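Structure, as structure tokens:
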Amino acid sequence: MGYLVDHYTEGTPRTMSLVNQSTSSNLEIIHHDGHDPSINSPFVPAIRASAGTMVFISGVSASPTYHDHPHVPEVFDAIPRDIEGQLQIIFDNLDQRLEAAGCSRSDVVYMTRFFTNVDEDQDTVNKYQKKWFQGHVPTSASVEVTRMAADPKLRLEIQSIAVKPPSA
């Protein structure tokens, strides 16, 4: 991880610059004034992609990726009801989509996390997500919703954007 340098001399305008802050050769983590690396946070303010192809990943949940519409309730019967049981499936599904697009976990630049119960599940999801990303931290937003469209048993859905690195 890098750090910010404050270029301030009395009587001159204050400027900030980012030093050595990248997750890969084409992604750069952006922080601004007030950044404190001792704060444990599951997101960063911004990521700049200098090269690559954007990949938009549809919402990922614990439901089967390919299922009938209208929904067949029996298809969703095997979904665990607890967040811990759903997390493994969600992140396995996300891994599968990233790999199919030629991306890896460290290529994820943005996530929208839709919770049905933020108070109960957010800390558990944050811990799992931190372990899953292994040091990479994407930008993100978290939203609480009444229910997921696919099935009322679903507790979390994650929509992502990745940047596939340029081919060598």
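If you're wondering where the values come from, they're calculated on a predicted model, not measured in any experiment.
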Under 3.5 Å donor-acceptor, Thr139 side chain and Val109 backbone: yes
Under the side-chain contact (heavy atoms from CB on, under 4.5 Å) test, residues paired with Thr53 that sit two or more places apart: Lys164
Point-to-point distance, once rounded to the nearest 0.5 Å, from CG of Asp121 to OG of Ser142: 11.5 Å
Pairs touching residues 87-96 that satisfy salt bridge (charged side-chain N to carboxylate O under 4.0 Å, His left out), sequence neighbours left out: Asp95-Arg105
Close side-chain approach of Ile79 and Leu154, heavy atoms under 4.5 Å: yes
Residues in side chain to side chain donor-acceptor pair (under 3.5 Å) contact with Asn93, at least two apart in sequence or another chain: none
Where Leu94 and Val60 come nearest, the two heavy atoms and their spacing: N-CG1, 3.8 Å
Ala78: partners by side-chain contact (heavy atoms from CB on, under 4.5 Å), with sequence neighbours left out: none
Positive for side chain to side chain contact (heavy atoms under 4.5 Å, CB included) with Arg113, one of Glu157, Gln159, Gln129, Glu144: Gln129
Spacing of NZ belonging to Lys153 relative to CZ belonging to Arg147, to within rounding of 0.5 Å: 9.5 Å
Reported CD-to-OG1 distance for the pair Gln96 and Thr65, which is rounded to 0.5 angstrom: 5.5 Å
Contact list for residues 69-83, test salt bridge (charged side-chain N to carboxylate O under 4.0 Å, His left out), sequence neighbours left out: none
Residues in side-chain contact (heavy atoms from CB on, under 4.5 Å) contact with Phe56, at least two apart in sequence or another chain: Met54, Ile161
Pairs flagged by ring pair (Phe, Tyr, Trp, His ring centres under 6.0 Å) wherever residues 75-124 is involved - sequence neighbours left out: His67-Phe76, His71-Phe76, Phe91-Tyr128, Phe91-Trp132
Residues that Thr146 engages under side chain to side chain donor-acceptor pair (under 3.5 Å), provided they are two or more places apart: none
Ile57 side, atom CD1; Met111 side, atom CE - distance, nearest 0.5 Å: 9.0 Å
Which residues share a side chain to side chain donor-acceptor pair (under 3.5 Å) with Asp68, sequence neighbours left out: none
Residue pairs, two or more places apart or on separate chains, that pass side chain to side chain donor-acceptor pair (under 3.5 Å) and touch residues 55-64: Ser61-Ser63
Separation between NZ of Lys131 and CG of Leu87, rounded to the nearest 0.5 Å: 11.5 Å
Shortest non-hydrogen separation from Val75 to Pro64 and the atoms involved: CG1-CG, 3.6 Å
Heavy-atom closest pair, residues Val137 and Ile47: O-CD1, 3.8 Å
Residues which pass side chain to side chain donor-acceptor pair (under 3.5 Å) with Asn117, listed by chain and number, not counting sequence neighbours: Glu120
Pair Asp107-Ser104, side-chain donor/acceptor within less than 3.5 Å: yes
Separation between CD1 of Ile90 and CD1 of Ile158, rounded to the nearest 0.5 Å: 5.5 Å
Pairwise ring pair (Phe, Tyr, Trp, His ring centres under 6.0 Å) hits with a residue in residues 137-165, at least two apart: none
Validation row: Ile89, Pro80 side chains within 4.5 angstrom (heavy atoms): yes
Glu84, CD: over 12 other non-hydrogen atoms inside 6.0 angstrom: yes
